[in-house]
Amino acid sequence: MDPGRFTQVDATTWRVDPWGAMRVPAIIYADENLIRDMDNKVYDQAVNVATLPGIVQACYAMPDAHWGYGFPIGGVAAFDPDRGGVVSAGGVGFDISCGVRTMLTGLAVADVLSVQKSLADSLYHQIPAGLGSRGAITLDALEMDAMLIGGARWAVERGWGEARDLERIEEEGCMAGAQPDWVSERAKERQRREMGTLGSGNHYFEIQAVAAIYDLAVADVFGLVQDEVVVTIHCGSRGLGHQIGTEYLREMLVAAKEAGIELPDRELACAPINSEVGRRYLGAMRAAINCALANREILGHFARRIFAHFFPNCDLRLLFDVSHNTCKVEPHIVDGRRRELFVHRKGATRAFGPGHESLPAALRMVGQPVLIGGSMGTGSYVLVGEATSEAKAFSSACHGAGRALSRHAALKQWSGRQTVDDLEKEGILIRSPSMRGVAEEAPGAYKDIGAVVAAAEHAGLARRVARLRPLICLKG
DNA sequence: ATGTTC
């Protein structure tokens, strides 16, 4: 879009001053090239979100922002319940608590390269991936509720994970306030056989090499070492989260109307936080957060099982596990006053800076690991939260490269088989049940992740620590 | 993202 539509504040800050029904400004953090490549829809959607009741400070878009359902993907918006603030299913996203975890292996790249192909095949055969994939775990009604309340803690109690993981997971692996009773039977039924599965779309299970270190001191605290191998898992709450999103979106259309909220776009359906539907959604959404945390913990357990087969002395340690599709109650300073806000992050990663009380002791001094998933070919980044992000975007950062081309456009431009062959020549092994999915996820369909994280760093959202290069990628 | 259309 045309940068001229904004008031440029600095090289990576672009503001839309309130006009029309906007209650607060809209602010996009990106460099000029990213703004030029960004769809006009991001502007429209950020402006629309800024009209919602109870929104505080500003509506933000991250450098990887693109068009989404109602809210932009890469959007951050915080609402004050005491000022009529709302909660919106479209502001969280359909894949509730979709997120990323990175595990340290301590292995050298050479160790993995010596078994690269058989390791790739093993992942493909042992990790259920793809649309409608089902796992070895089936939950009855009692276990479903226990999982929705316990999250990763539940997984650890059942032997699918390790207790030491929990302090390295957002909410220590267990989101409080989950209400399984407010999750429909249909949502639970869809999830009954989907625990420990990857899903499809942009979800992946990757074995990566630490390709570059930007901040040696923080990398040392994180345990990231040049040319060592890590495992990164990107997935969410599968069918359960999607079903909850679908059902509450419909309810919120009615709730918004009843509350007299003017919606500039039906897709912004929302309910007052202090309303029956709002409270029910929050309880169900928190249950879905636990589902995603449990799912990633189980997949981490599978990673350990597979690595133990190839490398008997290998010990996989969790660096961190963080979601990028949530609504969280957090204290933030607004207008010099501490307020409890409902922070929607949709395709935006929580990025707490140094000293934050929720971080484990081993990380508190440096800040939260901010895990940024890239595309299959171009790799990923680990950033660290910055104190400045609190005032810039309620302690949030980008979540990935962000799509540059639609799935449809990508399908027209690339073939899945050719993409796999091209990446194999670069030493990257792709395994996927869907060649169509691989084509949709071709590296060229994504923005330049290097430019995205550089812009995030310049804007003071988070700082680069390391770049990760894929060696093996299991795609859903 | 998604039993890719309740």
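Note on naming: letters A, B, ... go to the chains in the order of the sequence lines (proteins, then strands), and numbering restarts at 1 for each one.
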**Student:** Taking the nucleotide of DNA chain B with the nearest heavy atom to each, does L131(A) or E441(A) sit closer to the 5' end?
**Tutor:**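 On the 5' side of the pair lies E441(A).
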**Student:** Would you mind classifying the nucleic acid contact of G245(A) as base, sugar-phosphate or nothing, using non-hydrogen atoms under 4.0 angstrom?
**Tutor:**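 The residue G245(A) makes no contact with any strand.
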**Student:** With a 4.0 Å cut-off on heavy atoms, is E194(A) in touch with a base, just the backbone sugar-phosphate, or nothing at all?
**Tutor:**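 Sugar-phosphate, backbone atoms only, no base.
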**Student:** Once you apply a heavy-atom cut-off of 4.0 Å, does T246(A) come out as touching a base, just sugar-phosphate, or nothing?
**Tutor:**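 The answer is nothing, as T246(A) stays clear of every strand by at least 4.0 Å.
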**Student:** In whole angstrom, give the distance that lies between atom CG of D95(A) and atom C1' of dT4(B).
**Tutor:**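 Rounded to the whole Å, the gap is 14 Å.
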**Student:** Between side-chain atoms of residues 48-56 of chain A and protein atoms elsewhere (two or more places apart, or another chain), which donor-acceptor pairs fall under 3.5 Å?
**Tutor:**
from	atom 1	to	atom 2	distance (Å)
N48(A)	ND2	D44(A)	O	3.4
T51(A)	OG1	N48(A)	O	2.6

**Student:** Please check if any side-chain donor atom of H356(A) sits under 3.5 Å from a side-chain acceptor atom of S358(A), or the reverse.
**Tutor:**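 Indeed, the side chains of H356(A) and S358(A) share at least one donor-acceptor pair under 3.5 Å.
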**Student:** Whole-Å distance between dT4(B) C1' and H203(A) NE2?
**Tutor:**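 Roughly 14 Å, once rounded to whole Å.
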**Student:** Nearest-Å distance, OH (Y248(A)) to C1' (dT2(B))?
**Tutor:**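 After rounding, the reported distance stands at 18 Å.
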**Student:** Donor-acceptor pair, distance only, cut-off 3.5 Å: does the side chain of S237(A) make one with the backbone of L240(A)?
**Tutor:**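 Pair absent, no side-chain N/O of S237(A) close to backbone of L240(A).
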**Student:** Find the distance H242(A):NE2 to dC6(B):C1' and express it as a whole number of Å.
**Tutor:**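 From H242(A) NE2 to dC6(B) C1': 13 Å.
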**Student:** Using atom CZ of R436(A) as one end and atom P of dT4(B) as the other, report the distance to the nearest whole Å.
**Tutor:**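 After rounding, the gap between these two atoms is 12 Å.
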**Student:** Apply side chain to side chain contact (heavy atoms under 4.5 Å, CB included) to D421(A) and list each qualifying residue two or more places apart in sequence or on a separate chain.
**Tutor:**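 With sequence neighbours excluded, D421(A) shows a side chain to side chain contact (heavy atoms under 4.5 Å, CB included) to R417(A), given in chain and number order.
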**Student:** Given a 3.5 Å cut-off on both pairing distances, which stems involving DNA chain B, each at least three consecutive Watson-Crick or G-U pairs, are present, if any?
**Tutor:**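 Looking at DNA chain B, no stem of three or more consecutive pairs is formed.
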**Student:** From CG of L249(A) over to P of dT2(B), roughly how many Å is that when rounded to an integer?
**Tutor:**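 L249(A) atom CG is separated from dT2(B) atom P by 17 Å.
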**Student:** Would you mind reading off the distance between R250(A) atom CZ and dT5(B) atom C1', rounded to a whole angstrom?
**Tutor:**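 The distance from CZ of R250(A) to C1' of dT5(B) comes to 13 Å, rounded to the nearest Å.
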**Student:** Could you tell me the separation between the CD atom of E440(A) and the P atom of dT2(B), rounded to a whole number of Å?
**Tutor:**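 Those two atoms, CD and P, are 12 Å apart.
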**Student:** Base, sugar-phosphate alone, or nothing: which one does R407(A) contact when heavy atoms must sit under 4.0 Å apart?
**Tutor:**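 Sugar-phosphate: the residue R407(A), judged by heavy atoms under 4.0 Å, touches backbone atoms but no base.
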**Student:** What nucleic acid atoms does G93(A) come within less than 4.0 Å of, heavy atoms only: base, sugar-phosphate, or nothing?
**Tutor:**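 If one applies the 4.0 Å heavy-atom cut-off, G93(A) turns out to touch nothing in the nucleic acid.
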**Student:** Run the side chain to side chain donor-acceptor pair (under 3.5 Å) test against Q418(A) and tell me which residues pass, sequence neighbours left out.
**Tutor:**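 In terms of side chain to side chain donor-acceptor pair (under 3.5 Å), with neighbours along the sequence ignored, Q418(A) is linked to D422(A).
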**Student:** Under the salt bridge (Lys or Arg N to Asp or Glu O under 4.0 Å) definition, can you give me all pairs with a residue in residues 272-288 of chain A, not counting sequence neighbours?
**Tutor:**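 Those involving residues 272-288 of chain A are E251(A)-R280(A), E276(A)-R280(A).
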**Student:** Who pairs with E386(A) by side chain to side chain contact (heavy atoms under 4.5 Å, CB included), at least two apart in sequence or on another chain?
**Tutor:**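 Listed in chain order: T388(A), R463(A).
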